[in-house]
Amino acid sequence: MSILDQLVTQAAIASGISATDLYLIASKGERKVYAPGEYLFHESTPRLWAGFIEDGEVAIVRGLHGSTTHLSTLAQGAMIAEGALMDESPHASSAFTRTGATVLQIPREVWLEVRQTQPDVFYRIVARVAQRQSERLRHAAEQLAGTARPEDLITAVRREHDLLGDREVPLSAYYGVQTLRGVENFPISGMPVKNFAHFVDALAMVKKAAAQANCELGVLAKEKMEAICAACDEILAGKLHNNFVVDMIQGGAGTSTNMNANEVIANRALEILGHNKGEYKFLHPNDDVNCSQSTNDAYPTAIKLAVYFSLQDTLGALGELKTALEGKEQEFAQVLKMGRTENQDAVPMTLGQEFGAYAAMIGSAMKSMRTAADELLEINMGATAIGTGINSPPGYADLVTEKLSAISGLVLRKAPNLVESTQDSGVFSQMAGNMKRSAVQLSKICNDLRWMSSGPRCGLYEIRLPAMQPGSSIMPGKVNPVIPEMVSQVCFTIIGYDVTVAMASEASELELNMAEPIIAYCLLHGLMILKNAAVVLTSRCITGIQANVERCREYVQNSIGLVTALNPVLGYEKSVSIAKEALETGGSVYELVLQKGWLSKDALDDILKPENMTQPRKIS
């Protein structure tokens with residue numbers, strides 16, 4: 001079939017005009033080839049023709065005086081300059097091709113002739129033009145408002161139908177009518193599924209495993225299975241991700257996301273089989289791609305896989321942070337500083353011990369998340385709608401779990417009770433709780449970094465953080481601890497996500513939790529920002545921290561906290577009196593003890609030597 005044949009066929013489907021009528025008009029057109037950079041028409045010039053783009057892309061722009069606004073890009077199959085059918089006004093925009101294009105141009109006189117001789121055909125086309133112009137005006141408005149997706153192309157369309165009726169879907173799109181409805185119904189977060197690559201990959205893994213199991217059990221033809229698997233492999237190779245366009249936050253317990261995956265895979269599989277997108281009589285999104293599945297088992301399984309894979313990325317970033325902190329533990333091992341409790345002087349320690357404690361915190365956070373992740377490997381594939389396995393063949397649940405293990409590289413387990421696993425979101429709540437623990441520990445570290453770097457003249461200033469950017473629009477020379485500040489805000493977000501996941505998990509009613517989409521969003525976005533925060537904290541803060549050795553030692557030498565070491569020798573009461581007198585007089589603990597004759601100089605030197613106070617030791 002020629003490109004023109006394809007265009008006419010698609011136009012006939014979209015407009016309800018017979019292919020014969022369209023061929024009658026197209027036969028009177030002229031093919032014109034435009035070179036790269038050439039204009040098809042200019043704003044304010046007369047409308048002389050209307051036609052179809054046979055090959056290439058055409059940009060529609062507005063503006064004649066040095067500054068232009070891009071309104072849309074028309075691709076193969078799109079009708080162009082159709083305003084010529086409506087009235088005699090000049091072009092309201094310009095059209096040019098960056099890479100070259102071939103256009104079938106039908107002169108305005110031909111259209112007027114059709115209006116006279118075949119008004120029914122003409123006005124059916126005009127009705128269609130009016131609809132397309134409305135869509136194009138919406139798209140242009142989104143461009144002007146800065147809300148349009150940059151990858152959007154205006155192309156020919158295909159008609160698809162579902163329970164609610166027929167809708168037009170861009171011919172170039174691999175998603176279908178149910179995805180289109182999901183996009184329209186849930187313009188919520190601006191975070192489509194495609195933003196989370198592990199989630200898209202997990203959906204492809206689930207669909208591939210299901211196809212293999214269904215084929216082996218005799219409920220899916222081998223040819224269809226191979227096409228579905230090939231489409232899934234393309235997704236796993238990074239292709240087609242831009243077609244996963246539904247918002248992460250949605251109603252329907254994830255049905256829009258599941259159907260987005262079903263439609264993308266089905267339409268690509270159709271092409272692999274030699275058919276056109278939308279020809280579902282040959283391979284169907286529900287009957288074939290979703291065979292033996294429900295959103296209620298495919299979607300939560302994909303969430304678990306996506307969270308597990310995302311967690312590995314986050315653990316890698318936290319591991320690098322832990323290593324950096326351990327490096328500072330060694331670097332600062334000989335730097336004495338004053339420890340503090342409740343922001344008051346306590347007893348001496350080393351700056352290395354401080355950073356070693358932070359490394360241990362990160363290690364414990366990683367351990368807790370690894371422990372929680374194990375339960376993500378228990379899946380409910382084969383549960384179908386509510387856990388009873390309706391519409392799946394005997395043995396499917398075990399076999400699809402085995403197939404998915406092989407595809408994902410994970411040791412997955414079928415849940416012992418599929419009814420329970422389909423309705424219980426406790427594992428997600430546990431994961432969110434462990435993410436919160438990590439966030440709490442990480443934010444505590446950042447609080448300390450800000451305290452220890454405070455100053456430089458009037459704060460603690462025990463450490464110097466790398467200067468990343470000017471800190472004030474009014475105070476010259478000020479540099480703020482922007483990286484720890486940012487990380488703490490990330491942590492606050494993750495702590496909030498834990499509350500959201502807890503409430504969403506509790507929202508499960510009877511046999512299904514309708515709130516799984518917000519759970520997926522919170523877990524996946526939380527892990528993403530936690531990973532990014534750890535990477536930035538490591539590279540733009542921790543590795544560049546310097547110790548202010550003299551300031552640290554000065555605090556130790558002048559601190560009342562040294563008196564704590566005298567407790568075992570002088571007793572608590574005498575030690576308290578020394579501390580009080582030192583505070584009142586401004587004297588040092590060392591001089592006051594010598595003046596009172598309570599200890600010899602040699603004994604006092606040994607006890608109050610700061611280096612001897614950072615580890616357990618026996619005092620004779």
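Only a predicted model underlies this, so the values are computations on that prediction, with no experimental measurement involved.
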Colleague: Does the plane of the ring in Phe355 sit parallel, tilted or perpendicular to the ring in Tyr358? Use 30° and 60° as the thresholds.
Modeller: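 Rings of Phe355 and Tyr358: perpendicular, over 60°.
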Colleague: Is the backbone N or O of Ala383 less than 3.5 Å from a side-chain atom of Asn380, with the two atoms forming a donor-acceptor pair by type?
Modeller: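 The answer is no, because no donor-acceptor pair under 3.5 Å joins these two groups.
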Colleague: Which atom pair, heavy atoms only, marks the closest approach of Leu336 to Cys552?
Modeller: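 Shortest heavy-atom separation between Leu336 and Cys552 comes out as O-CB, 2.9 Å.
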Colleague: Side chains of Thr422 and Asn296 only: does a donor on one sit below 3.5 Å from an acceptor on the other?
Modeller: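 No pair is found: no donor N or O on one side chain lies under 3.5 Å from an acceptor on the other.
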Colleague: For Ile390, is the CD1 atom crowded, meaning more than 12 foreign heavy atoms sit under 6.0 Å from it?
Modeller: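 No.
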Colleague: Within a strict 4.5 Å, meaning less than it, do heavy atoms of the Arg540 and Pro466 side chains meet?
Modeller: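 Not touching, per the 4.5 Å side-chain cut-off.
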Colleague: Ignoring hydrogens and angles, tell me if any N or O in the side chain of Asn391 forms a donor-acceptor pair with the backbone of Ser292 under 3.5 Å.
Modeller: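 No: the side chain of Asn391 does not pair with the backbone of Ser292.
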Colleague: Would you say the side-chain atoms of Gln546 pair up with the backbone N or O of Leu465, donor to acceptor, closer than 3.5 Å?
Modeller: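 Not confirmed, Gln546 side chain does not pair with Leu465 backbone.
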Colleague: Which atom names give the shortest non-hydrogen contact between Gly471 and Asn480, and what distance separates them?
Modeller: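 Nearest heavy atoms, Gly471 then Asn480: O-ND2, 2.7 Å.
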Colleague: Give, for atom CD1 of Ile407 and atom SG of Cys229, the distance between the pair rounded to the nearest 0.5 Å.
Modeller: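 SG of Cys229 is found 6.5 Å from CD1 of Ile407.
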Colleague: Does Lys337 come within less than 4.0 Å of Glu354, counting only side-chain N to carboxylate O?
Modeller: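 So Lys337 pairs with Glu354 through a salt bridge.
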Colleague: Stepwise, does the side chain to side chain contact (heavy atoms under 4.5 Å, CB included) test hold for Leu376 with Phe428?
Modeller: CA-CA 8 Å; Leu376 295 170; Phe428 296 132; 4.3 Å; yes
Colleague: Is any side-chain heavy atom of Arg370 less than 4.5 Å from a side-chain heavy atom of Met366?
Modeller: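 A side-chain contact exists here, since the closest heavy-atom pair is under 4.5 Å.
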Colleague: Give a yes or no on this: more than 12 heavy atoms of other residues, nucleotides or ligands lie within 6.0 Å of atom CG of Asn185.
Modeller: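 More than 12 within 6.0 Å, yes.
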Colleague: Using every non-hydrogen atom in the two residues, find where Ile249 and Phe186 come nearest and quote the distance to one decimal.
Modeller: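 Residues Ile249 and Phe186, closest heavy atoms: O-CB, 3.6 Å.
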Colleague: Does Lys436 make a cation-pi contact with Tyr497, if we ask for NZ or CZ under 6.0 Å from the ring centre and within 45° of the axis?
Modeller: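 Geometry flag: not set, cation outside 6.0 Å or 45°.
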Colleague: What residue among Lys208, Lys239, Arg268 forms salt bridge (Lys or Arg N to Asp or Glu O under 4.0 Å) with Glu234?
Modeller: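 Between Glu234 and the candidates, salt bridge (Lys or Arg N to Asp or Glu O under 4.0 Å) is satisfied uniquely by Arg268.
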Colleague: Between Thr384 and Asp297, is the side-chain hydrogen bond (donor to acceptor under 3.5 Å, both in side chains) condition met? List the steps.
Modeller: CA-CA 5 Å; Thr384 63; Asp297 60 352; 5.5 Å; no
Colleague: What heavy-atom pair brings Val535 and Ala317 nearest, and what distance separates the two atoms?
Modeller: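 Reported closest heavy-atom pair: CG2-CB, 3.7 Å.
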Colleague: Is it true that atom CZ of Arg450 has more than 12 heavy atoms of other residues, nucleotides or ligands lying nearer than 6.0 Å?
Modeller: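 Check passes, neighbour count above 12.
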Colleague: So, Arg158 side chain and Pro170 main chain: donor-acceptor pair closer than 3.5 Å or not?
Modeller: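 Present.
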Colleague: Assess the residue pair Thr257 and Gln250 against the criterion (side-chain hydrogen bond (donor to acceptor under 3.5 Å, both in side chains)); give the C-alpha distance rounded to whole Å, side-chain angles, the decisive distance to 0.1 Å, and a yes or no.
Modeller: CA-CA 9 Å; Thr257 296; Gln250 57 190 256; 2.8 Å; yes
Colleague: Go through Glu57 and Thr73 one step at a time and tell me if the side-chain hydrogen bond (donor to acceptor under 3.5 Å, both in side chains) criterion holds.
Modeller: CA-CA 7 Å; Glu57 295 180 0; Thr73 300; 5.5 Å; no
Colleague: Do side-chain atoms of Gln489 reach the backbone of Glu485 as a donor and acceptor pair under 3.5 angstrom?
Modeller: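 Flag set: sc Gln489 to bb Glu485 pair under 3.5 Å.
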Colleague: Please step through side chain to side chain contact (heavy atoms under 4.5 Å, CB included) for the pair Leu524 and Met248, ending with a clear verdict.
Modeller: CA-CA 10 Å; Leu524 293 174; Met248 287 290 292; 4.0 Å; yes
Colleague: Could you list the residues that satisfy side-chain hydrogen bond (donor to acceptor under 3.5 Å, both in side chains) with Ser294, not counting sequence neighbours?
Modeller: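 Ser294 satisfies side-chain hydrogen bond (donor to acceptor under 3.5 Å, both in side chains) with no other residue.
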Colleague: How long is the straight-line distance from CD1 of Ile463 back to CG of Leu351, given to the nearest 0.5 Å?
Modeller: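 The CG atom of Leu351 sits 7.0 Å away from the CD1 atom of Ile463.
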Colleague: For Met191, is the CE atom crowded, meaning more than 12 foreign heavy atoms sit under 6.0 Å from it?
Modeller: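 More than 12 within 6.0 Å, yes.
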Colleague: Between Lys277 and Glu271, is there a side-chain N and carboxylate O pair less than 4.0 Å apart?
Modeller: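 Counted as a salt bridge, because a side-chain N and a carboxylate O are separated by less than 4.0 Å.
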Colleague: Rounded to the nearest 0.5 Å, what separates atom CD1 in Ile445 from atom CG in Leu537?
Modeller: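 Result: 8.0 Å between the selected atoms.
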Colleague: State plainly whether the residues Lys224 and Glu226 are in salt-bridge range, i.e. N to O under 4.0 Å.
Modeller: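 Between Glu226 and Lys224 there is no salt bridge, as every charged N stays at least 4.0 Å from the carboxylate O atoms.
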Colleague: Where the side chain of Ser454 meets the backbone of Leu460, is there a donor-acceptor pair that is under 3.5 Å apart?
Modeller: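 Checking the backbone N and O of Leu460 against the side chain of Ser454, a donor-acceptor pair under 3.5 Å is found.
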Colleague: Would Gln423 and Ser508 count as having a side-chain donor-acceptor pair, cut-off 3.5 Å?
Modeller: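 No.
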Colleague: Do the side chains of Glu184 and Arg181 get close enough for a salt bridge, i.e. N-O under 4.0 angstrom?
Modeller: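 A salt bridge is absent here (no side-chain N lies under 4.0 Å from a carboxylate O).
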Colleague: Okay, side chain of Thr401, backbone of Arg413: is any donor-acceptor separation there less than 3.5 Å?
Modeller: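 Pair absent, no side-chain N/O of Thr401 close to backbone of Arg413.
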Colleague: Do the side-chain N and O atoms of His284 and Asn290 include a donor-acceptor pair separated by under 3.5 angstrom?
Modeller: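 There is no such pair (donor and acceptor under 3.5 Å, judged by atom type) between the side chains of His284 and Asn290.
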Colleague: Please round to the nearest 0.5 Å and tell me the distance separating atom CG of Asn513 and atom CD1 of Ile518.
Modeller: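 Between Asn513 CG and Ile518 CD1, I get 11.5 Å after rounding to 0.5 Å.
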Colleague: Less than 4.5 Å apart, side chain to side chain, heavy atoms only: is that true for Leu412 and Lys304?
Modeller: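 Contact flag for Leu412/Lys304 side chains = no.
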Colleague: Measuring from Gln430:CD to Ser425:OG, what's the distance to the nearest 0.5 Å?
Modeller: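 Between atom CD of Gln430 and atom OG of Ser425 there are 13.0 Å.
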Colleague: Are Met486 and Val536 side-chain neighbours, meaning at least one heavy-atom pair lies under 4.5 Å?
Modeller: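 In contact.
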Colleague: Show the numbers, then the answer: is there a side chain to side chain contact (heavy atoms under 4.5 Å, CB included) between Met514 and Glu509?
Modeller: CA-CA 8 Å; Met514 61 81 192; Glu509 296 170 334; 5.7 Å; no
Colleague: Asn258 side chain to Tyr299 main-chain N or O, any donor-acceptor pair under 3.5 Å?
Modeller: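 Side chain of Asn258 to backbone of Tyr299, a donor-acceptor pair under 3.5 Å: no, none is there.
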Colleague: Is the count of non-hydrogen atoms from other residues, nucleotides or ligands lying under 6.0 Å from Gln334 atom CD greater than 12?
Modeller: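 Not more than 12 within 6.0 Å, no.
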Colleague: Salt-bridged, Lys322 to Glu329, with N to O below 4.0 Å?
Modeller: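 No, this pair does not count.
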Colleague: Would you check if Val427 and Glu378 make a side-chain contact, meaning some heavy-atom pair closer than 4.5 Å?
Modeller: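 Not touching, per the 4.5 Å side-chain cut-off.
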Colleague: Please examine the side chains of Asn447 and Ser488, heavy atoms only from C-beta on, and report whether any two atoms are closer than 4.5 Å.
Modeller: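 They are in contact (side-chain heavy atoms under 4.5 Å apart), so the answer is yes.
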Colleague: Which heavy-atom pair separates Val501 from Cys522 by the least distance, and what is that distance?
Modeller: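 That would be CG2-CB, 3.6 Å.
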Colleague: Between atom CE of Met431 and atom OH of Tyr308, what is the distance when rounded to the nearest 0.5 Å?
Modeller: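 Answer rounded to 0.5 Å: 10.5 Å.
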Colleague: Taking the side chain as everything from C-beta on, heavy atoms only, tell me whether Gln212 gets closer than 4.5 Å to Leu220.
Modeller: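 The answer is no, as the side chains (C-beta and beyond) never meet within the 4.5 Å cut-off.
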Colleague: Would you confirm whether Thr371, through its side chain, and Lys367, through its main-chain N or O, come within 3.5 Å as a donor-acceptor pair?
Modeller: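 Yes; judged by distance alone, with no hydrogens or angles, the pair exists.
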Colleague: Is it true that, when you exclude Arg98 itself, more than 12 heavy atoms of the residues, nucleotides or ligands shown sit nearer than 6.0 Å to its CZ?
Modeller: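 No, not enclosed.
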Colleague: Does the pair Glu402/Lys414 count as a salt bridge with the N-to-O cut at 4.0 Å?
Modeller: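 Looking at Glu402 and Lys414, the cut-off is not met.
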Colleague: Are the side chain of Ser364 and the backbone N or O of Met361 linked by a donor-acceptor pair below 3.5 Å?
Modeller: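 Checking the backbone N and O of Met361 against the side chain of Ser364, a donor-acceptor pair under 3.5 Å is found.
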Colleague: Please determine, by modelled atom types, if Asn267 and Tyr280 share a side-chain donor-acceptor pair under 3.5 angstrom.
Modeller: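 There is such a pair between these side chains.
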Colleague: Could you tell me if the side chain of Glu331 sits less than 4.5 Å from the side chain of Ile545, heavy atoms only?
Modeller: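 Sidechains of Glu331 and Ile545: no contact.
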Colleague: Write down the atom of Gly382, the atom of Ser392, and the distance for their closest heavy-atom approach.
Modeller: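 Reported closest heavy-atom pair: O-OG, 4.1 Å.
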